[in-house]
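Shown next, in structure tokens, is the structure this report addresses.
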2 protein chains.
Amino acid sequence: MVTRTDAPTRREQILKEAARLFAERGFHGVGVDEIGAAVGISGPGLYRHFAGKDAMLAELLVGISGQLLTGGKRRAAEADGDPEALLDSLIEGHIDFALDDRPLITLHDRELDRLRESDRKLVRQLQRQYVELWVEVVRQVYPDLAEPAARASVHAVFGLLNSTPHLSRPGALPGRAATAQLLHRLARGAFAAAGSGA
Amino acid sequence: MVTRTDAPTRREQILKEAARLFAERGFHGVGVDEIGAAVGISGPGLYRHFAGKDAMLAELLVGISGQLLTGGKRRAAEADGDPEALLDSLIEGHIDFALDDRPLITLHDRELDRLRESDRKLVRQLQRQYVELWVEVVRQVYPDLAEPAARASVHAVFGLLNSTPHLSRPGALPGRAATAQLLHRLARGAFAAAGSGA
DNA sequence: GGAAATGGTTAACGGTCATTAACTTCGGCC
DNA sequence: GGCCGAAGTTAATGACCGTTAACCATTTCC
């Protein structure tokens, strides 16, 4: 885990606020003036940091997909040889991401089409690799599961884990640790059910 | 099941195409001219059938929430007294909806904020009732599950069941029946895991 | 100490788009 | 046969919004 102590750069502030706003009201629903206002500068000042509104979205989506894949690969390298432990580790990592970066998770599957062809291709490629990583592990843990079923199950479990943004305002939740544990159990339960009766 | 034999009215055509387009590119991403073109009339002709673009979205979202809730209540009435069977029935109904009306499912949790205050309140109220219906049943089947955990689990399973739109182009799927069966098993497995180790 | 880069500002431009206006077409009905 | 309402049409309007232009402050560095 790399923890940062230095202050976030203006660029990072902008990305963070843009992510929040995009997630709340959609890419087209947010104006550049709003994004600017969220970081204390106004409208066109953003163009000192980004080529345009599209560029912000692109950087966000590529960043997300990259982080997920990188984290997944790292975990795969660490838990070398133990599929059970690796599956748990992947689930844990995805949950951390979903809980800590809700806005990004929301963007991730909502605004992909707004990207330039090249960026969209890149994001999709990263996403695909991430899914394949999961599919391989799931099939090692549950060898009876056919590949299409495994892939569908992985997508479904992503949907499950990514459901946290919908959990109303953060109030009703039983606390972060308990939520993480619950999501973990739900995910493992889903996989187990798919893998046993196939 | 009420099956219709008469031709769809122009109004229904519009709603259907609008749902598809909104789901594909987002509410703000679709112009009225496009919606019109999709049903063979052009642009402002839509205003003979709807008060405005917002009105279409409102009718779609209220319709979805209403259908889900109505269907859920009907199932609750039918499977009287047998929580296990009712849970299966609810899952089955939700899966049917997710598989048959993908665009609507997508809209359902994506564009709620675009609504007028009153419509949004109505939709949320319908959604809440639907969730509560599930929560009650889940807690009857798994009495050890505390209420907040049950509610979170229900939301998570919704995320799981609603994941079908993300399953790439309909090609890779193992056929509708098999997909439905797999989703059902995943959902039951998730609930079982949450309910046993609480 | 001055030049240049950096990060802002406000004002203007241009395009897109929902909505309205004004006008047509046509099928049913007395 | 003439009226009328329903369902369209195109053209105009007005708002919004992303982007660019032109200009200013401040820091950095030779």
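Worth saying up front: this structure is predicted, and the values here are computed from it rather than measured. Lettering of chains follows the sequences in order, A, B, ..., and the numbering in each one begins at 1.
- B/R114 places its CZ atom 16 Å from the P atom of C/dC17, with the value rounded to the nearest Å.
- Summarising the geometry, the separation between OH on B/Y47 and P on C/dT20 is reported as 7 Å, rounded to the nearest angstrom.
- Ring pair A/F158/A/H94: centre-to-centre distance below 6.0 Å.
- Here C/dA18 is the nucleotide among C/dA18, C/dT20, C/dG8 with the atom lying nearest to any side-chain atom of B/V32.
- With rounding to whole Å, B/K53 atom NZ is found 18 Å from D/dA15 atom P.
- Of the two residues near DNA chain D, A/R48 and A/F27, the one whose nearest nucleotide lies more 5' is A/F27.
- Spacing between atom CG of B/L57 and atom P of C/dA18 amounts to 13 Å, rounded to whole angstrom units.
- When all heavy atoms are compared, the tightest approach of A/A194 to B/L186 is CB-CD2, 3.7 Å.
- For the pair B/H28 and D/dC17, the criterion of a side-chain N or O lying under 4.0 Å from OP1 or OP2 is not met.
- Salt-bridge check for B/R74 with B/E78: passed, with a basic side-chain N closer than 4.0 Å to an acidic carboxylate O.
- Residue contacts shown for A/G43 are absent, as no nucleic acid heavy atom lies under 4.0 Å away.
- One finds a side-chain N or O of B/H49 lying less than 4.0 angstrom from the OP1 or OP2 phosphate oxygen of D/dG8.
- Note on A/R10: a side-chain N or O is less than 4.0 Å away from OP1 or OP2 of C/dG8.
- B/G45 comes within 4.0 angstrom of a nucleotide base, judged by non-hydrogen atoms across all strands.
- The pair A/D96-A/R176 meets the salt-bridge criterion, with a side-chain N (NZ, NE, NH1 or NH2) lying under 4.0 Å from an Asp/Glu carboxylate O.
- Of the candidates D/dG18, C/dA11, C/dT20, C/dA11 carries the atom nearest the A/P44 side chain, counting heavy atoms from C-beta on.
- Proximity of A/R188 to A/R185: side-chain heavy atoms (C-beta onward) are nowhere separated by under 4.5 Å.
- Atom pair B/F50:CZ and C/dT20:P shows a separation of 16 Å (rounding to whole Å applied).
- Per the geometry, CG belonging to B/D33 stands 8 Å off C1' belonging to C/dC17, to the nearest Å.
- One atom, CE of A/M56, and another, P of D/dT19, lie 8 Å apart when rounded to the nearest Å.
- Contact annotation for B/V30: backbone-only contact, meaning every heavy-atom pair under 4.0 Å involves sugar-phosphate atoms and none involves a base.
- Taking atom CD1 of residue B/I41 and atom P of nucleotide D/dG8, one finds them 5 Å apart after rounding to whole Å.
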